[in-house]
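In each ligand, atom 1 is the first atom listed, and ligand 1 is the first ligand listed.
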Amino acid sequence: MERLQKVIAEAGVASRRKAEELILEGRVQVNGKEVKELGVKVGGSDIVTVDGKQITREEKEYYLLYKPRGVVSTSHDERYRKTVVDLIETNARIYPVGRLDYDTTGLLLLTNDGKFSQMLTHPKNEIDKVYIAKIRGIIDGKAIHALEDGVEIDGIKTAKAKVKLRKKDLQTNTSIVEITIHEGKNHQVKKMFESVGYEVLKLKRERVGFLTLENLQSGEYRKLSPKEVKKLYDLATLKKTK
Ligand code: URA
């Protein structure tokens with residue numbers, strides 16, 4: 001069951017505030033009966049009309065995209081660049097769960113389920129996000145420990161992270177580092193490396209929770225199964241109560 005104003009807003013009829021006004025003005029009916037107070041909840045089988053016109057309720061959709069480089073993680077870009085939503089064939093009003101930078105590749109979830117999106121992005125739910133960073137220079141143990149302990153970016157200390165050196169290449173003077181975090185501050189990984197003196201040359205997100213990019217090529221996507229969606233909800237709830 002969901003709040004009536006939320007259902008109206010999610011159907012794209014009005015903003016949540018405007019939907020509240022519509023209710024208070026007596027312009028909304030549920031199963032043919034006028035509802036004039038806020039706080040009423042409706043289920044999937046209830047018929048909601050606004051000014052006599054039935055609203056169409058959107059099914060919740062969940063996608064896992066292998067984001068390519070050069071695509072923006074929003075639903076609309078003012079500069080008309082290609083967005084991650086453009087890559088997915090659907091009429092649902094989906095949006096990305098969190099963000100990957102324009103030049104970052106890898107696993108990105110998209111949905112029209114606000115609760116799901118909030119749950120996955122909230123750091124207290126501690127959903128692991130695993131990134132592979134190619135950095136300039138050969139990373140040393142001191143920097144790895146600092147990243148693991150938490151470093152200061154934009155005046156705030158990052159939470160503990162897991163860091164593994166996957167490969168170092170003395171010839172090109174680069175290192176490949178795996179870093180696992182559960183926060184999602186703006187440009188977090190790049191800023192974390194920057195704070196210990198390394199520039200990120202390439203960044204890819206390989207995993208979110210138990211989800212990986214298995215069987216997908218860059219630019220491809222798939223729907224999450226209902227089982228996977230439930231498992232993610234369970235994972236977040238479990239972490240919250242631990
Ligand atoms: N951290 C970054 O710096 N960039 C991303 O795209 C994701 C995490």
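Between the side chain of Asp113 and the backbone N or O of Lys60 there is no donor-acceptor pair closer than 3.5 Å. Between the side chain of Arg27 and the backbone N or O of Leu22 there is no donor-acceptor pair closer than 3.5 Å. The main-chain N or O of Phe116 is found under 3.5 Å from a side-chain atom of Tyr233 such that the two form a donor-acceptor pair.
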Could you go step by step and tell me if Lys191 and Glu183 meet the salt bridge (Lys or Arg N to Asp or Glu O under 4.0 Å) rule? CA-CA 13 Å; Lys191 285 182 178 170; Glu183 299 167 302; over 6 Å; no
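Of all atoms in ligand 1, listed by their number and element, those nearer than 4.0 Å to a heavy atom of Tyr131 are 7 (C), 8 (C). Each of the atoms 2 (C), 3 (O) of ligand 1 lies under 4.0 Å from some heavy atom of Lys190. For ligand 1 and Thr104, the ligand atoms under 4.0 Å from any heavy atom of the residue are 4 (N), 5 (C), 6 (O).
Residue His187 has at least one N or O atom closer than 3.5 Å to an N or O atom of ligand 1.
The only option from Val97, Thr212, Leu216 that meets the side-chain contact (heavy atoms from CB on, under 4.5 Å) definition with Leu64 turns out to be Leu216.
Using a 4.0 Å cut-off between heavy atoms, Val189 contacts ligand 1 through both its backbone and its side chain. Counting heavy atoms under 4.0 Å from ligand 1, residue Leu203 touches it through the side chain alone.
Looking from atom 6 (O) of ligand 1 to the surrounding protein, the closest heavy atom is Asp101 N, 2.7 Å.
Residues Thr90 and Glu61 have side chains that bring a donor and an acceptor to within less than 3.5 angstrom of each other.
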